[in-house]
Trainee: 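Mind having a look at this structure? Questions to follow.
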Amino acid sequence: MHHTLSDRSATTIRADFVSDTVTRPDAAMFAAIAAAPLGDEQREGDPTADRLAAVVAAMTGKEAGLFMPSGTLCNLVAVAVHCRPGEALIAERSSHVVTSELGGAAVVAGALSLTLEGERGLFDIAAVDRALDALSGTRAPRARLLCAEQTHNRGGGAVWPVARLSALGAEARARGLATHLDGARLLNAVAATGEPADRHAAEWESVWIDLSKGLGCPAGAVLCGSAAFVAEADVWKRRLGGALRQSGVLAAAALQALETHPDRFAKDNALARRIAEGLAMIPGVALLHAPVESNLIFVDVAATGHTAREIATALAAEGLRIGVEGPTRARIVTHCDLTEGDADALLDALRQACS
Ligand SMILES: *Cc1c(COP(=O)(O)O)cnc(C)c1O
C-alpha cells in the first residue's frame, strides 16, 4: 500500500525523521487538487501552475516565476541561464549544487564549480574575493555566478541573517557576478528570522522554493527572477524535458499549503529545537552544527559506542526512522507530518538505544 512509509524492514514506520521530503498529501490537499482548474503546460499553459508561479514570485519579490518539477532542476536551469560553457560558478563546498546534483552544472551547463569553505555553509565576500583572486591571468576561466543556500542544508540548516545574505548578494553583484539563491528551505528561514521571503531574496537575481519539503506537497518547486531570466529559464526547462502537462495537479497542492498553513514552518523549527534540547540530555550524543536554527539536526553518536546504523536499526524496531549520514553520524529532520508526541517518542527510543 503506497501510504506505508517505505523503510524496507518489516516494521511499519510510524514517525519518519529521515527527511522533510517524506510528507504525504492530506485529505484537504487532495481536495484542492481535485478542484483545481487544469491545462496543458506545453500548449496554452496550466492556469493553476501559472497562479502558483505568480504567488511565489510576489512572495519572493521577483517579477516572474516558473513552476518546476524539482529543486535540482531549478539549480541546473538557473546555472544554465546564468553561465556560458567554460564559465565558473562559486559556491560553498558543501552546497547541494556542488555535492548532490551529480555534476549537472558541469555536464549540462558546462559550468565549472569553484568552491570556498564557509562556516556551516555561511561565508562573506572576502572568501569570494579569495576565490576570484585565484582566477587572475589570461588563461583563467571567467567567474560568472555566486550561489548560496538559505537555509544551508549540510551546515545543519544554518540560517543566513538577512543583512548578511543581502550584503553578500550586493557585493557579489558589484563584482559583476550573477547571484542565485537555493531556497529549498527558504520558508524555514523566513520562520526562523521573522523576515519575509522577499527580504531574503532582495539582492539575489534568481531564487527558488521547494514544494516537496516543508510545504508537504508531493513534488515540485518554483523558480523566480526577472521576466527576462524566467523566459530563458523556461527555454531550458523545456529543453531538458522539464515541461509537464497538467502540472496544476502539483501546483494546487502548493497553493493549498501556502494558503492554509502559514505557521507550519515555525512549528517544524520549534519541533527541531525541542528534539535538540532533548538530545543534549542523552549521554554520548553530540549535536553537530549547533545551535539548531531550523528543521535539520545532525548528530554524532561515536561516544555512545554504537554506530549510527545500529542506533537507526534499534529505532526502526520502535517504528521510528532517522537518516544515517556516516559511520557515526545521523540526521534528524522535522516536518508537518510529525507531532510533539513523535518527537518525545524519538527521544525516549534514542535514550534506550544509546545506553
Ligand atoms: C533538497 C534540496 C535541493 C533539491 O531539491 P529537490 O526538489 O529534492 O530536487 C537543492 N538544494 C537544497 C539545499 C536541498 O536541500
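Atom set for the values below is all heavy atoms of this structure, side chains included, hydrogens, waters and symmetry mates excluded. The residues of the chain are indexed from 1 along the displayed sequence. For ligands, and for the atoms within them, numbers begin at 1 and follow the listed sequence.
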Trainee: State yes or no: do Phe265 and Val159 share one hydrophobic cluster built from I, L, V, M, F, W and Y residues joined by side-chain heavy-atom distances below 4.5 Å, directly or via other members?
Mentor: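 As far as the 4.5 Å side-chain criterion goes, Val159 and Phe265 are not connected within one cluster.
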Trainee: Do the side chains of Met68 and Leu186 join up, straight or via other hydrophobic residues, at under 4.5 Å, putting them in one cluster?
Mentor: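 The answer is no; the residues belong to distinct hydrophobic clusters.
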Trainee: Tell me, which protein residue and heavy-atom name are nearest atom 5 (O) of ligand 1, and how many Å apart are they?
Mentor: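 Checked against all protein heavy atoms, atom 5 (O) of ligand 1 sits closest to Asp210 OD2, 3.0 Å.
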Trainee: Under 3.5 Å, N or O to N or O, is Ala184 touching ligand 1 that way?
Mentor: no
Trainee: Check each heavy atom of Thr72 against ligand 1 and say whether those closer than 4.0 Å belong to the side chain, the backbone, both or neither.
Mentor: both
Trainee: So, His200 versus Thr193: side-chain donor-acceptor pair below 3.5 Å or not?
Mentor: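 Indeed, the side chains of His200 and Thr193 share at least one donor-acceptor pair under 3.5 Å.
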Trainee: In ligand 1, which numbered atoms sit nearer than 4.0 Å to a non-hydrogen atom of Gly71?
Mentor: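 Contacts of ligand 1 toward Gly71, numbered from 1: 4 (C), 5 (O), 6 (P), 7 (O), 9 (O).
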Trainee: Would you indicate which of His152, His96, Arg154, Gln150 comes nearest to atom 10 (C) of ligand 1 when only heavy atoms are counted?
Mentor: His96
Trainee: Hey, does Thr151 come in under 3.5 Å of ligand 1, counting only N/O atoms on both sides?
Mentor: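 Looking only at distances, the answer is no, because the N/O contact criterion of under 3.5 Å is not met.
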Trainee: Checking salt bridge (Lys or Arg N to Asp or Glu O under 4.0 Å) against Arg93, which of Glu119, Glu117, Glu149 comes through?
Mentor: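 Exactly one option meets the salt bridge (Lys or Arg N to Asp or Glu O under 4.0 Å) with Arg93, and it is Glu117.
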Trainee: Without swapping roles, check the side chain of Arg84 against the backbone of Ala80 for a donor-acceptor pair under 3.5 Å.
Mentor: yes
Trainee: Can you list the atoms of ligand 1 that are under 4.0 Å from a heavy atom of Glu149?
Mentor: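 Those atoms are 13 (C).
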Trainee: Donor-acceptor pair, Asn295 side chain versus Asn269 backbone, under 3.5 Å?
Mentor: no
Trainee: If you measure every N or O of Trp208 against every N or O of ligand 1, does any of those distances drop under 3.5 Å?
Mentor: no
Trainee: Please classify the Arg185 to ligand 1 contact at 4.0 Å (heavy-atom distances, strictly less than): side chain, backbone, both or neither.
Mentor: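 Contact part for Arg185 vs ligand 1: side chain (C-beta onward).
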Trainee: In the protein, which heavy atom is nearest to atom 11 (N) of ligand 1, and how far is it?
Mentor: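 In this structure, atom 11 (N) of ligand 1 has Asp182 OD2, 2.6 Å as its nearest protein heavy atom.
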Trainee: Taking it one step at a time, do Arg154 and Glu325 satisfy salt bridge (Lys or Arg N to Asp or Glu O under 4.0 Å)?
Mentor: CA-CA 11 Å; Arg154 292 191 181 215; Glu325 296 275 314; 5.7 Å; no
Trainee: Return yes when Lys213 approaches ligand 1 closer than 4.0 angstrom through a heavy atom, no otherwise.
Mentor: yes
Trainee: State whether the side chain of Gln42 and the backbone N or O of Ala243 hold a donor-acceptor pair below 3.5 Å, judged by distance alone.
Mentor: yes
